[in-house]
Colleague: 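Below you will find the structure I want to go over with you.
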Amino acid sequence: MLDIKLIREKPDFIRENLARRRKPEYLEMLDELIEEDKKWREMKLEIDKLRQKRNQLTGKIRELKQQGREEELKKIIAEAKEIPDKIKELEDEIQKIEEHRRDLLLHLPNLLHESVPYGEGEEGNLVVKTWGETRKFDFQPKSHVDLMEKLNLIDTQRAAKISGARFYFMKNELVELEYALIQHAIRILKDRGFDLIVTPPLVKEYIMIGGGFLPTYREDVYKIEDEDLFLAGTSEAPLVGMHADEILYQDDFPLRYAGFSTCYRTEAGAHGKDTKGIFRTHHFEKVEQISITGPEQSWDEHEYLFETAEIFWQSLEIPYRKVNICTGDIGIVAAKKYDLEGWYPSQQTYRELVSTSNCTDYQARRLKIRYREKDGMPTKICHTLNSTLIAIQRGITCIVENYQREDGSIEIPKVLHKYLDFKEITP
RNA sequence: GCCGAGGUAGCAAAGUCUGGCCUAACGCGCCGGCCUUGAGAGCCGGUUCCCCUUUCGGGGAGCGAGAGUUCAAAUCUCUCCCUCGGCGCCA
């Protein structure tokens with residue numbers, strides 16, 4: 001959510017930033033918002049004046065009552081009786097305006113950092129770094145789907161029978177590989193100063209709104225029927241929501257959390273895309289990084305989170321590239337976003353493994369996560385950041401492809417050997 | 001799920017029965033100022049949010065959330081949420 005005060009003071013600054021997203025509807029929303037806010041303030045003043053008068057009369061009534069001046073008392077009470085209805089009427093009206101204003105604010109995206117490349121769609125994203133050498137195969141590399149099916153590591157057919165498309169059974173060595181990856185991920189994050197946290201997978205609506213998942217991405221999340229609960233698509237939701245309505249201390253910054261949870265996504269907008277295997281599914285386990293900090297440190301922290309992801313993927317020796325996501329592809333919450341894309345030999349291309357976002361104060365303002373330098377000093381809005389470390393199922397697809405052998409067996413990355421009693425997966 | 005006790009500002013804590021100088025006391029912590037060579041003590045002001053005002057300042061809201069009664073609600077009524085204790089059930 002944008003700062004309404006900044007919108008009042010520097011509407012042109014906001015307008016220019018929103019324009020970079022190449023969506024004219026945002027500019028229309030901004031104009032509407034400014035108009036509504038003006039109305040709101042005028043009405044607020046009117047209501048406050050009425051309340052002031054009511055409070056003054058209430059004071060007089062108290063005095064007159066103590067003095068026992070019945071005549072005057074009756075007159076003033078009669079006068080006072082008229083005010084509540086007027087207030088009520090105006091309150092009903094201002095509430096509508098307020099809701100509309102809030103709705104516009106909830107839909108307007110975050111301000112973009114100046115270093116975000118101007119562009120549209122994936123084509124506009126900017127590769128800023130490439131790491132590792134893509135392996136040269138002297139045979140035709142198989143896809144992760146083929147590899148896993150042949151090795152009896154997944155069963156998507158029967159999963160479809162019980163749950164539908166985009167569900168899966170994970171089997172045998174793959175199960176152990178998952179736990180090895182989780183352990184490895186957690187160990188790295190612990191060493192990098194993160195508190196380890198397993199989160200509730202269900203969260204309330206206001207937390208989903210606060211995180212920016214609602215209302216804009218409503219179709220991407222599962223809702224529990226008859227309950228005020230949604231299945232979180234990422235532990236970012238509960239972890240950022242954890243400090244909602246709190247006032248933190250600057251001395252504690254940065255707060256760093258390593259979240260582990262199952263993530264649930266409808267994948268509503270992805271019909272026909274990546275339908276096979278466990279690359280894109282309705283549920284997956286994810287180890288996530290979250291930071292809460294102040295505006296002075298959040299850009300350094302953004303690099304720190306990405307660096308942490310790099311350390312992890314380098315330890316697995318997966319070739320990847322770092323991509324700066326462009327203005328047209330970044331989504332409403334992040335002010336800047338890097339993706340880490342891993343190499344898929346069967347597709348001869350890089351695919352997203354990690355997304356690292358600085359959400360600046362966008363989520364924190366919605367969730368009222370504030371901080372002080374010290375007790376007694378004024379409160380400020382925090383900055384929140386998030387980054388994947390590894391989404392297990394997606395990550396496994398990349399590992400499997402890069403570590404395949406000609407006979408269809410799979411080597412286990414060296415760094416995981418200490419967690420497993422096998423070094424390869426064979427038929 | 002049942003019974004009981006609670007939820008008041010950064011922390012702590014009174015007020016609730018009996019509605020009205022509650023402008024939410026007293027305290028701790030912290031910030032600013034005065035004083036001091038410096039620190040401490042002491043004194044003064046401040047320490048949630050919103051609106052008006054260039055400034056000075058003025059006003060409004062807020063006592064877990066929401067609704068209601070009333071000229072007036074932290075205080076009375078209703079619904080809901082959460083915490084703690086006891087009982088029950090349970091992986």
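None of these values were measured; they are calculated from a predicted model.
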Colleague: Between the side chains of A:Glu176 and A:Tyr419, does any donor sit under 3.5 Å from an acceptor?
Modeller: no
Colleague: Please determine, for B:rC11, whether a Watson-Crick or G-U wobble partner exists with both distances under 3.5 Å, and give it or none.
Modeller: B:rG27
Colleague: On a whole-Å scale, what distance lies between the P atoms belonging to B:rG64 and B:rC44?
Modeller: 31 Å
Colleague: Can you tell me which nucleotide in B:rG20, B:rG10, B:rC71 comes closest to the side chain of A:Ile77?
Modeller: B:rC71
Colleague: Tell me the interatomic distance from A:Glu98, atom CD, to B:rA61, atom P, rounded to whole angstroms.
Modeller: 15 Å
Colleague: Take atom CD of A:Gln67 and atom C1' of B:rG20, then tell me their distance rounded to the nearest Å.
Modeller: 14 Å
Colleague: In Watson-Crick or G-U wobble terms, both distances under 3.5 Å, what is the partner of B:rU75?
Modeller: none
Colleague: What integer number of Å spans the C1' atoms of B:rU70 and B:rU75?
Modeller: 13 Å
Colleague: Using the C1' atoms only, state how far B:rU48 lies from B:rA67, rounded to an integer number of Å.
Modeller: 24 Å
Colleague: Quickly work out the A:Glu63 CD to B:rG20 P distance and round it to whole Å.
Modeller: 16 Å
Colleague: Assess the side chains of A:Glu301 and A:Thr293: does a donor N or O sit below 3.5 Å from an acceptor N or O?
Modeller: no
Colleague: Select base, sugar-phosphate, or nothing to describe what A:Leu45 touches, counting heavy atoms under 4.0 Å on all strands.
Modeller: sugar-phosphate
Colleague: Check every atom of B:rC49, B:rA72, B:rC51 against the side chain of A:Thr379 and return the nucleotide holding the closest atom.
Modeller: B:rC49
Colleague: For A:Ala80 and A:Lys53, find the nucleotide of RNA chain B closest to each by heavy atoms; which residue's nucleotide sits nearer the 5' end?
Modeller: A:Lys53
Colleague: Rounding to an integer number of Å, can you tell me how far A:Tyr371 OH sits from B:rC31 C1'?
Modeller: 16 Å
Colleague: Can you tell which of B:rU70, B:rA72, B:rC51 lies closest to the side chain of A:Lys81?
Modeller: B:rU70
Colleague: Which value, in whole Å, describes the distance between the P atoms of nucleotides B:rG66 and B:rG4?
Modeller: 26 Å
Colleague: Can you tell me the pairing partner of B:rC21 across any strand shown, Watson-Crick or G-U wobble, with both distances under 3.5 angstrom?
Modeller: none
Colleague: In the structure shown, which nucleotide is the Watson-Crick or G-U wobble counterpart of B:rG4, with both distances under 3.5 Å?
Modeller: B:rC84
Colleague: Measure from the side chain of A:Lys65, starting at C-beta and using heavy atoms only, and say which of B:rC51, B:rU48, B:rG20 lies closest.
Modeller: B:rG20
Colleague: Taking the ring centre of each residue, are A:His107 and A:Tyr26 less than 6.0 Å apart?
Modeller: no
Colleague: Can you tell me if A:Arg8 touches the phosphate of B:rC51, counting only side-chain N or O atoms and a distance under 4.0 Å to OP1 or OP2?
Modeller: yes
Colleague: Starting from P on B:rG46, measure out to CZ on A:Arg372 and report it in whole angstrom.
Modeller: 16 Å
Colleague: Using whole Å, what does the distance between atom C1' of nucleotide B:rC49 and atom NZ of A:Lys380 come to?
Modeller: 18 Å
Colleague: Checking all strands, does A:Lys5 fall into the base, sugar-phosphate, or nothing category for heavy-atom contacts under 4.0 angstrom?
Modeller: sugar-phosphate
Colleague: OP1 or OP2 of B:rG60 less than 4.0 angstrom from a side-chain nitrogen or oxygen of A:Asn55, does that happen here?
Modeller: yes
Colleague: What is the pairing partner of B:rU37, taking Watson-Crick or G-U wobble pairs with both distances under 3.5 Å in any strand?
Modeller: none
Colleague: Which nucleotide, B:rC50, B:rC71, B:rG60, lies nearest any side-chain atom of A:Gln52?
Modeller: B:rG60
Colleague: What integer number of Å spans the C1' atoms of B:rC21 and B:rG32?
Modeller: 30 Å
Colleague: For RNA chain B, whose closest nucleotide is more 5', that of A:Arg41 or that of A:Pro84?
Modeller: A:Arg41
Colleague: Quick one, A:Leu50 and A:Arg54 - any side-chain contact, counting heavy atoms below 4.5 Å?
Modeller: no
Colleague: Could you work out which one of B:rU48, B:rC71, B:rA61 sits closest to the side chain of A:Arg51?
Modeller: B:rA61
Colleague: Give the rounded distance in Å between these two atoms: CG of A:Asp228 and C1' of B:rU79.
Modeller: 16 Å
Colleague: Is a donor on one side and an acceptor on the other found under 3.5 Å between the side chain of A:Glu317 and the backbone of A:Pro413?
Modeller: no
Colleague: Here's a test for you: under salt bridge (Lys or Arg N to Asp or Glu O under 4.0 Å), which of A:Arg351, A:Arg166, A:Arg394 qualifies with A:Asp274?
Modeller: A:Arg351
Colleague: Give the C-alpha distance, both sets of side-chain angles, the deciding distance and a yes or no for side-chain contact (heavy atoms from CB on, under 4.5 Å) between A:Arg192 and A:Ile311.
Modeller: CA-CA 10 Å; A:Arg192 296 274 285 176; A:Ile311 287 169; 3.7 Å; yes
Colleague: Taking the C1' atom of each, how far is B:rC63 from B:rA73, in whole Å?
Modeller: 11 Å
Colleague: Would you mind pulling out the nucleotide paired to B:rU55, Watson-Crick or G-U wobble, both distances under 3.5 Å?
Modeller: none
Colleague: Ignoring backbone atoms, test whether A:Arg62 places a side-chain nitrogen or oxygen under 4.0 Å from the OP1 or OP2 oxygen of B:rA72.
Modeller: no
Colleague: To the nearest Å, give me how far apart NZ (A:Lys204) and C1' (B:rA65) are.
Modeller: 10 Å
